[in-house]
Colleague: 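I am attaching a structure below and will ask some questions about it afterwards.
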Amino acid sequence: MNVVPKPYESELREGRFVFTADTAISSPLPAVVRLLDAFGNGGRPAFERNRIEFSLTQVPYDYVLEVAENKITVVAPREEGLYHGAVTLKQLLSAPSDGEVGIGACVVRDKPRFAYRGMLVDVCRHFFGVDTIKKIIDAISLFKFNYLHLHLSDDQGFRLQTDSLPELYLKGSVRAETCGDGKPHGGYYTKKQVQELVAYARERFVEIVPEIDLPGHTRAIIAAYPELSCTGESTTVGTDFGIHAKMLCAGSEKVYDAVEKLLTEVAEMFPCGYFHLGGDEVPKLVWENCPKCNEKMRKEGLRTFEELQGCFTNRAIAVLKKLGKTPILWNESLYSDMLDSCAAVQYWEAKKKAGDRVKRAVAEEGRRIIVSRCSPYYFDYPCAFWPLKSVYNFEPCTPELGGKDGSCVLGVECPIWTEHVSTEEKLFFRVFPRAAAVAESGWSTPEKDYKDFVRRLDKVLGVLCEAGVNFEPVKKCNPDPISRMFTCAAFGINAAKRANPESARNYASISSRKELSDK
Ligand code: ACM
Ligand code: ZN
């Protein structure tokens, strides 16, 4: 059956349903009719024969699709399931055929492996407007992803209209140039645009998870409000990449007040139950030299700067708890050993670095984990680093997460960071078709058959063309070892050139084990 992600159960039957000018679609969910409109008669009343009928019914699956010679039915207990059934139908219909548009009779009983199937788009390093985000939502929903995580605040730009702290978007959304190109780069989403995106995503059963990355990666925030930094000195929005040391002070109550205002306003804009607080790559250098940060540690009885990060994060989490949101944090937030138990953790670092701590979080705290391992889920790295086959074959429930039955795993998410991705075309090219492999790991049972996956993938990629989304041709997604070596080397050299000159020093201080002095 030519569907990606592979359905839970399917069987072929005798016969074929053929679409005609009379084919009618009836559904309690208008989004379903719109999705399949090209094939039906636009939702006019259904005729007795040759019709597609969607209805809400209790079944122990996400949806059940039945294709017979003169009728297609989709039943599901929730609207989301009806939508997923329509997506499956759309993929079946997009397979190239000679002449008539039809589907072989079959039954599909389908349900997802994981509740969370996400894609992250970094709109800070390069800004992407509403039209591009809508195309991404269209594309990921066609593979049954249900979360779009927008990375909205970073050193190189702040991307939301925030009326309680207006300088954030007025000053923080524009940088003077990018790595010496001399061209200003900027952009942010207005409140109205956010509303439009949230509604657009919800119609496709995708929730938008906002990320305000704290306390590191906040140079754009302190460019807007320098008094929120340790030194109070004025600074600019970052114009190059790598790790920046300038960030929020963890010892100033002014910062906690601003964080509360910001999180409250952003939480109001995004109805999603999850809210991402970042927490990755926090260099400790500036805090180590800040009297206010040191004083805060003495007052709170904190021994290490890692604990200062833990204390900061838990203050931000307390704000989200009041707002009824579940926080998600990058895995570095575990290193303080004091992360609030309500937070889910996004596991991105290598097993060598984070594996032991993540394993403990799962075994001892039952911590919920979203798997986003850099290798092979970071799609800013080209196929030379992570070929399609390696993405497909990666089992998210690695041994430290309890293996294939790991019940702590909430799901999977593939990020596209955009330091080196400045156009929509390149963005889609990096993401697709590898995202389809992540969709399959997030939805389907863990058995793998790469050949079968590629065969099905080839048949369904037409849905992306229809959505105006380009992708890397499948046959180029597993490059040979020599070309991989050259591409990886060129990528590494370019990334090093585009990092700020102090990035290596700042990086080294991320895992500083320095303790508070007795002064
Ligand atoms: C990350 O890649 N710094 C989450
Ligand atoms: Zn400070």
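Counting convention: from 1, in listed order, for ligands and their atoms alike.
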Colleague: How are the rings of F241 and H126 set relative to one another: parallel (under 30°), tilted (30 to 60°) or perpendicular (over 60°)?
Modeller: tilted
Colleague: Only counting residues at least two apart or in another chain, list the ones meeting salt bridge (charged side-chain N to carboxylate O under 4.0 Å, His left out) with K322.
Modeller: E260
Colleague: Under the side-chain hydrogen bond (donor to acceptor under 3.5 Å, both in side chains) test, which residues partner K296, sequence neighbours left out?
Modeller: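 Only E300 meet the side-chain hydrogen bond (donor to acceptor under 3.5 Å, both in side chains) criterion with K296.
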Colleague: If the condition is side-chain contact (heavy atoms from CB on, under 4.5 Å), which residues does F429 pass it with, not counting sequence neighbours?
Modeller: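 Partners of F429 by the side-chain contact (heavy atoms from CB on, under 4.5 Å) criterion, ordered by chain and then number, come out as N470, E472, P473.
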Colleague: To the nearest 10 degrees, how large is the angle at the Zn ion (ligand 2) between C293 SG and C290 SG?
Modeller: 110°
Colleague: Who are the residue neighbours of ligand 1 when the rule is a heavy atom under 4.0 Å from any of its atoms?
Modeller: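 Correct list: D280, E281, W330, W348, Y378, W417.
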Colleague: Do Y189 and F127 have their ring centres less than 6.0 Å from each other?
Modeller: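 Aromatic pair counts; centres sit under 6.0 Å.
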Colleague: Donor-acceptor pair, distance only, cut-off 3.5 Å: does the side chain of D380 make one with the backbone of V421?
Modeller: no
